[in-house]
Amino acid sequence: MELKNILNKEQYEAATHGEGPLLILAGAGSGKTRVLTHRIAYLILEKGISPYQILAITFTNKAAQEMRDRVNQLLPERQGEIWVSTFHSMCLRILRREIGNLGYDSDFSIYDTDDQKTVMRQVFKELQIDSKMLKERLVLSALSQVKNQGRSVSDYLLEDPEDFLDGKIRACIRLYEEKLKQNNALDFDDLLLRCKELFEKFPAVLEKYQERFRYILVDEYQDTNDVQFHLVYLLAKKYQNICVVGDDDQSIYRFRGANVENILSFESHFPNCKVVKLEQNYRSTAPILDLANVVIAENQHRKQKKLWTAEKEGLKVSFQEYESAKEEAAAVIRGIRDAGWSYKDQAVLYRTNAQSRLLEEQCIHWNIPYQIVGGVNFYQRKEIKDILSYMKILVNKKDDVALRRIINVPKRGIGEASLLKLQQYGESLGGFSLVESLPFAKAAGLSGKALSMVGSFQEMLESWKDVELSALIDRILQDTEYEKDLQAEGAIEAESRMENIQELQGKLQSYIEENGDEGSLSAFLEEVSLLSDLDRSDLTEDKITLMTLHGAKGLEFPVVYLVGLNEGLFPSAQSMFTPEEREEERRLFYVGITRAEKELYLTAGRDRVVHGQYQSMLVSSFVDDVPEEHLEKKYLYRKKPSEEDIFMEKTGRSGYSSYLQQANQSIKAYMGQSDSYGSSGSYGSSGSYGSTGAYGSSGRSSSNLYGSAGYSSSKKPLDLQAYQQAGIIQKGISGMSSGSLDYQVGDRVSHTKFGEGEVLAIEEDKKDKLVTVLFDTAGQKKMLAGFAKLKKL
DNA sequence: AGAACAGAGGTTTTT
DNA sequence: CCTCTGTTCT
């Protein structure tokens, strides 16, 4: 093969690198998949490596599929021998074989985010924790963090809690872990963590896989988290034939534990490593690439590099602000309709899934075929999860979560009371799960209708034992009369749900065709449990694509619209506080820009509905920051308003700077005399301050922004409302929830994002207590309500 | 046990 | 605004 003619110098160098570690720093659009696939082909054809010894890891199933396809094109006769999989599916495959070592049954279930929440809700109930005080997702994210760092959860639980709240969190985690074990279930994070533990505790097992996978390739390495790094490290340790590809500028998964350091310090983990930089971009025109370079150059923490292209021509990139998000959506969709491109060549990208709705409405209105990728996951839909739960309990008899989900769907008159009896009886038998306890319903004390229904339910399960896999879904639908139950919701709804079930059936059918006799129910469930909606998308149909920026990673389109470039939305309001978060948002912007091949349009809408109320938003600072020569900008009315303007608009007064001074003095004075406790006051309790970018009236419902919510306090140390208006302090930053915990006025506290602060007031706001804290971080004063992320010092 | 009602809370991003 | 949760009533 004349690789030299197909690849450029650097690509060639990377593809034909021999033994030893290799780091490929591949900029956006620099042909990294090409390099990876050719490298695989090179190893097999030129180096005589057996395909069996190659492991390629990607981030999504879709990417895995694409790589498989492209490798197959190069090596049609060696299909299927190479392991191309995601981290999760790789670990799953290994665990299915080896998890016996860790004391699990190999028929374990996999719990997705919803299942995790279900379990955590049970935990809260059992520990009698009020979900006002602690949020399920807070505990789950704490746990996820531990797991993603590759720490052993049992070690973590041995540590002393840092405070009261932390103690509660740990108690929840302990019980959660017990429950998962009881249910013979693993969550997503467990798949990785257990696999790592397996390798560490059983050297023989590790060695087996080290021997097997002599050559390892990892794509999107910048988004690996610590466990993933360890897995790679362990597997590659012996032979050091590890090749990773990534771009630190495209690291956008920090929120789920991705650690950019993994790629930045790869060279120190694998000392004799060869580094290849791919900087020539083959995707985008010069103006697009130019904008991308300007944007990403603002980030401090990155490896220096500059993409270039031979493609000098190209349409200039433009930015347009619209009156409202609705008009923005309309203009974009009309633009798509009138463009000379086919629909499938055009994509609209946005920051949050919620933004898809306006666009969808416009597509319907203008009759444009569209496809929303992501959002509500197919596999998380109620009807799909129901059917899958029926299937799950046939495989894993310990899966109480699945059983509870469907034992009364459709309604059978088996309620909470009956389940409790069953559960208790099962426990008395020595750890019987609910499914295992079903035959003992009578002994457990059930009677009447519930008893007979449990009996027939159990017979039904029994009768499914010998049903052919291909007929199973139909049988379930038939025996449970599931469709009848759906009808209750309404005919249209039922129809679409049945369509989804048919799609699942189709999925099962093609699974059976692919796997033949090898296919089993448990293997099917396993495959399905790791699929996401992104994997379902078919980008070859002639429809425009709507998706989040995260979903767009790794894809490219001739024409791209980046919508919703409003401060508070993108960059997101919750990620503007630390430089790291801001940089990550900017990388996301960069990823968006670099998806475009020929044309790129940036847009914003001034007014948009947030929580049912209109908010007027500023143009994103990401747009403001770009000099005119790189981006043609059309603001609607004016440039970004000054602080003075904002103050004017809100208060109708001038003299912002003297006001600011006065305000600062007042705060200082207050902090100085903070031993005089007891002040309380409810201010601004209308609480719709969502985004920091909101600065007031759009003429519609601005009153809530600085409106009349009563300030009632006997002592009135601060004119808090005024401070809010002046933008010195903020209240109601989302992500912090209200509740009650033992804080007192004057306590020093620390917050994960804002650093140290002092409890300023504890207010009684209807039912909930609100803890209000004044933070003084990096010279900026911030007011927060709630305590979810607070630690007492 | 189940339906009907009221109220609170919630929006990043995903394997 | 819309969805999910908890409560009350049958």
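Letters A, B, ... are given to chains in the order of the sequence lines, protein chains preceding strands, and every chain is numbered from 1.
The interatomic distance linking A/R357 (CZ) with C/dC1 (P) rounds to 10 Å, in whole Å. Atom P of nucleotide B/dT11 and atom NE2 of A/H550 are separated by 16 Å, given to the nearest angstrom. Distance CG (A/N259) to C1' (B/dT15): 17 Å, rounded to an integer number of Å. Residue A/E416 contributes atom CD, which lies 14 Å from atom P of C/dT7 at whole-angstrom precision. One interatomic measurement links the two molecules: CD of A/Q380 to C1' of C/dT3, which rounds to 16 Å at whole-angstrom precision. Remark: P of C/dC4 and CG of A/D114 are 10 Å apart, rounded to the nearest angstrom. Look at CZ on A/R595: it is 19 Å from P on B/dT13, rounded to the nearest Å. When rounded to the nearest whole Å, the span between NZ of A/K135 and P of B/dG10 equals 5 Å.
For the side chain to side chain contact (heavy atoms under 4.5 Å, CB included) criterion with A/L549, the lone passing option out of A/F589, A/Y590, A/F570 is A/F570.
In the set B/dG10, B/dT15, B/dT14, B/dT14 carries the atom at the smallest distance from any side-chain atom of A/F255. Checked against B/dT15, B/dA1, B/dT13, the side chain of A/T548 finds its nearest nucleotide in B/dT13. Closest to the A/R137 side chain, of the nucleotides B/dA1, B/dT11, B/dT15, is B/dT11. For A/T352, the listed nucleotide lying nearest its side chain is B/dT13; candidates were B/dT13, B/dA3, B/dT15.
Listed pair A/N408 / B/dG2 meets the phosphate criterion, a side-chain N or O lying under 4.0 Å from OP1 or OP2. In this structure, A/N353 reaches the B/dT14 phosphate: one of its side-chain N or O atoms is under 4.0 Å from OP1 or OP2.
Put simply, the side chain of A/R405 reaches to within 4.5 Å of the side chain of A/K382, judged on heavy atoms.
Between A/G413 and A/N408, the shortest heavy-atom contact is N-OD1, 3.2 Å. A/L193 approaches A/K147 most closely through the heavy-atom pair CD2-CG, 3.7 Å.
For the pair A/F59 and B/dT15, the ring geometry does not qualify as stacking, because the centroid separation below 5.5 Å and plane angle under 30° are not jointly satisfied.
Contact annotation for A/F570: no contact, since no heavy-atom pair falls under 4.0 Å across all strands.
For A/D226 and A/Q149, the side-chain atoms include no donor-acceptor pair closer than 3.5 Å.
The 5' end of DNA chain B is approached more closely, in terms of each residue's nearest nucleotide, by A/S572 than by the other of A/S572 and A/T113.
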